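What you are looking at is a predicted structure, and each value in this text was computed from that prediction instead of being measured. For the single chain, residues carry numbers from 1 onward in sequence order.
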Amino acid sequence: QVQLVESGGGLVQAGGSLTLSCAASASIFSFDAMGWYRQAPGKQRELVATITRGGRTNYADSVKGRFTISRDNAKNTVYLQGNNLKPEDIALYYCNARSGVNTYWGQGTQVTVSS
């Protein structure tokens, strides 16, 4: 069974940056796509960014221009770099991987932004 482990969350001041990591137990090229989702208290879980096997990226409008998703296949790791973080970015961030009809989730890592 595929396991995803997120790390890198923490407290950052508004305007600061943070990089989240998602380490997979399998080659990330075995997945059709990987991505990051987030859920803030009282809100629906939302897509933040995705990257396909071919390297195509997509971002939610709310983070476009501030967040970057990237990968390092040698490390079986996908990253999410957030710049100019805002209080509205406060959420539990989850790593996601898709392969055919299968979907895998990490346990999440908390991002807190002080205002």
K.L.:
So, for R53 and S30, which heavy atoms are closest and what is the spacing to 0.1 Å?
P.N.:
NH2-O, 3.7 Å
K.L.:
What distance do T50 atom OG1 and Y59 atom OH have between them, rounded to the nearest 0.5 Å?
P.N.:
8.5 Å
K.L.:
Got a salt bridge between K64 and D61, using NZ or NE/NH1/NH2 to carboxylate O under 4.0 Å?
P.N.:
yes
K.L.:
For the hydrophobic clusters of this structure (ILVMFWY residues joined by side-chain heavy atoms under 4.5 Å, transitively), does one cluster hold both V48 and V113?
P.N.:
yes
K.L.:
Would the distance check show the side chain of T77 and the main-chain N or O of K75 forming a donor-acceptor pair, the cut-off being under 3.5 Å?
P.N.:
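A pair under 3.5 Å: yes.
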K.L.:
First locate atom CD1 of I51, then atom CG of N58, and finally report the distance between them rounded to the nearest 0.5 Å.
P.N.:
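Separation between the atoms: 11.0 Å.
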K.L.:
If you round to the nearest 0.5 Å, how far is CG of L47 from CZ of R38?
P.N.:
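It is 10.0 Å, given to the nearest 0.5 Å.
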K.L.:
Between W36 and F67, is the ring centre distance below 6.0 Å?
P.N.:
no
K.L.:
Is there a path of hydrophobic side-chain contacts, each under 4.5 Å between heavy atoms, that joins L4 and Y94?
P.N.:
no
K.L.:
Is the number of heavy atoms from other residues, nucleotides or ligands under 6.0 Å of E88 CD greater than 12?
P.N.:
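Yes, enclosed.
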K.L.:
Given the rule that I, L, V, M, F, W and Y join up when any side-chain heavy atoms are under 4.5 Å apart, are L20 and L11 in one cluster?
P.N.:
no
K.L.:
In Å and rounded to the nearest 0.5 Å, what is the OG1 to CG distance from T112 to D89?
P.N.:
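Here the interatomic distance stands at 11.0 Å.
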K.L.:
CD/E6 to CD/Q107 distance, rounded to the nearest 0.5 angstrom?
P.N.:
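Taking CD in E6 and CD in Q107, the distance rounds to 7.0 Å.
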K.L.:
Could you give the distance from CH2 (W105) to CZ (R98), rounded to the nearest 0.5 Å?
P.N.:
9.0 Å
K.L.:
For N83 and S17, test the side chains for any donor-to-acceptor distance below 3.5 angstrom and give the result as yes or no.
P.N.:
yes
K.L.:
Would you say V111 and L80 are hydrophobically clustered, going by side-chain heavy atoms of ILVMFWY under 4.5 Å?
P.N.:
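Looking at the clustering, L80 is in the same group as V111.
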